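Bear in mind the structure is a predicted one, so any value in this text is a computation, not a measurement. All values below were derived from every heavy atom in this structure, side-chain atoms included, with hydrogens, water molecules and symmetry-related copies excluded.
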Amino acid sequence: MPFNTLRQTQQTKRTGRKHFAVLLDPDNLDEASCLNLLQLSEASHVDFFFVGGSLVTTENQATIIQLIKQHSRIPVILFPSNSMHIDKQADGILLLSLISGRNPDFLIGQHVLSAPILKASDLQVYPTGYMLVDCGRQTTASYMSGTTPIPYDKPTIASCTAMAGELLGLKYMYLDGGSGAAKPVSAEMITAVCEAVEVPVIVGGGINTPAKAKTALDAGADVIVVGNHIEKNPGFLAEVSSVVNSYNLALDVHR
């Protein structure tokens, strides 16, 4: 198990330190493109790989995880859409409860099916409140889950939802605009959620420029996630890494 696990963000949150995760969708990668992203991710000091998607239509996930384990020391954390996408090769799993919706299957149903498998595995389990945010277009996640995202301009709904999730015992919150979001989650919503809870806050969707990455960090995000954009522009990895590293370096200087 790599030392740098998502669980560490519970400690680094207190110091203000930020982290960078890359979301790899098995349906969108072949071996060559995956190896290229692995090499760039190592050079860019990526903290975590999230592997999965809202609709996995191929059997490529196991192959992608094998490649990561063979060619990288970056932790592999599953980002599953349902209980069928558990792979014991990974280091951990985001056990996502879709608290922004009211579909019982994604609040607890899939978790009941997963529980015996996870209990018998060595995967680190990260209980996560998953909140879909309407960022300008319908996403696969909202369509497949049959749920309505949190309105873009309603940070109070997001903060109260996150607060409820924390009170229920969830250890992480994930604000997600979805793959290919027209715009990122707003700074106002990120700040509202970060002020409402003490657990680490993960933010993804629509982060396709260094400025948007910095805005999310400035608003309080503990982990920022990029995925869809790097499939088209792998060089973006280095740009986001530079933003995160500059942010952490500034923290170190002022200590």
Checklist entry - Are there more than 12 heavy atoms of other residues, nucleotides or ligands under 6.0 Å from atom CD of Q70? => result yes
With a cut-off of 3.5 Å and sequence neighbours excluded, list every side-chain donor-acceptor pair involving residues 174-188.
unit_1: D176; atom_1: OD1; unit_2: G178; atom_2: N; d: 2.8
unit_1: D176; atom_1: OD2; unit_2: Y130; atom_2: OH; d: 2.5
unit_1: S186; atom_1: OG; unit_2: M189; atom_2: N; d: 3.1

Checklist entry - How many angstroms lie between NZ in K88 and CD1 in I93, if you round to the nearest 0.5 Å? => result 11.5 Å
Checklist entry - Do you know the tightest heavy-atom contact between Y152 and D134? => result CB-O, 3.1 Å
Item to check | hydrophobic_cluster_shared for V51 and I117, side chain cutoff 4.5 Å | outcome: yes
Checklist entry - With distance as the sole test, does D91 use its side chain to make a donor-acceptor pair with the main-chain N or O of I77 at under 3.5 Å? => result no
Item to check | Euclidean distance, M173 CE relative to S97 OG, rounded to 0.5 Å | outcome: 9.0 Å
Checklist entry - Quick one: CG on D87 to OG1 on T63, what's the gap to the nearest 0.5 Å? => result 9.5 Å
Only pairs under 3.5 Å count here: list side-chain donor-acceptor contacts from residues 234-244, not counting sequence neighbours, and write none if there are none.
unit_1: S241; atom_1: OG; unit_2: S44; atom_2: O; d: 2.4
unit_1: S241; atom_1: OG; unit_2: N245; atom_2: ND2; d: 3.2

Next on the checklist: For A21, is there any backbone N or O sitting under 3.5 Å from a side-chain donor or acceptor partner on D47?
Outcome noted: no
Could you pull out all donor-acceptor pairs under 3.5 Å where a side-chain atom in residues 214-228 meets a protein atom, sequence neighbours excluded?
unit_1: K214; atom_1: NZ; unit_2: D218; atom_2: OD2; d: 2.7
unit_1: T215; atom_1: OG1; unit_2: A211; atom_2: O; d: 2.9
unit_1: D222; atom_1: OD2; unit_2: K13; atom_2: NZ; d: 2.9
unit_1: D222; atom_1: OD2; unit_2: V201; atom_2: N; d: 2.8

Checklist entry - When rounded to the nearest 0.5 angstrom, what distance separates CG in N36 from CG in D30? => result 10.0 Å
Item to check | Side-chain (D27) to main-chain (L29) donor-acceptor, under 3.5 angstrom | outcome: no
Next on the checklist: Going by side chain to side chain contact (heavy atoms under 4.5 Å, CB included), name the residues that satisfy it together with N82, two or more places apart in sequence or in a different chain.
Outcome noted: M84, H85, Q110
Next on the checklist: For residues L96 and L113: do they belong to one hydrophobic cluster (side chain heavy atoms under 4.5 Å, members Ile, Leu, Val, Met, Phe, Trp, Tyr)?
Outcome noted: no
Checklist entry - Partners of I108 by side chain to side chain contact (heavy atoms under 4.5 Å, CB included), sequence neighbours excluded? => result H111, V112
Checklist outcome for this item: To the nearest 0.5 Å, atom CG of L118 lies from atom CD1 of I86 at 4.0 Å
Next on the checklist: Run the side chain to side chain contact (heavy atoms under 4.5 Å, CB included) test on L37 and S33 for me, step by step, so that the C-alpha distance in whole Å, both residues' side-chain angles and the decisive distance to 0.1 Å come before the verdict.
Outcome noted: CA-CA 6 Å; L37 284 176; S33 61; 5.6 Å; no
Checklist outcome for this item: Output for pair (I150 CD1, I99 CD1), nearest 0.5 Å, gives 7.5 Å
Checklist entry - Q39 side chain to H71 main-chain N or O, any donor-acceptor pair under 3.5 Å? => result no
Item to check | For M163, side chain to side chain contact (heavy atoms under 4.5 Å, CB included) partners two or more places apart | outcome: A196
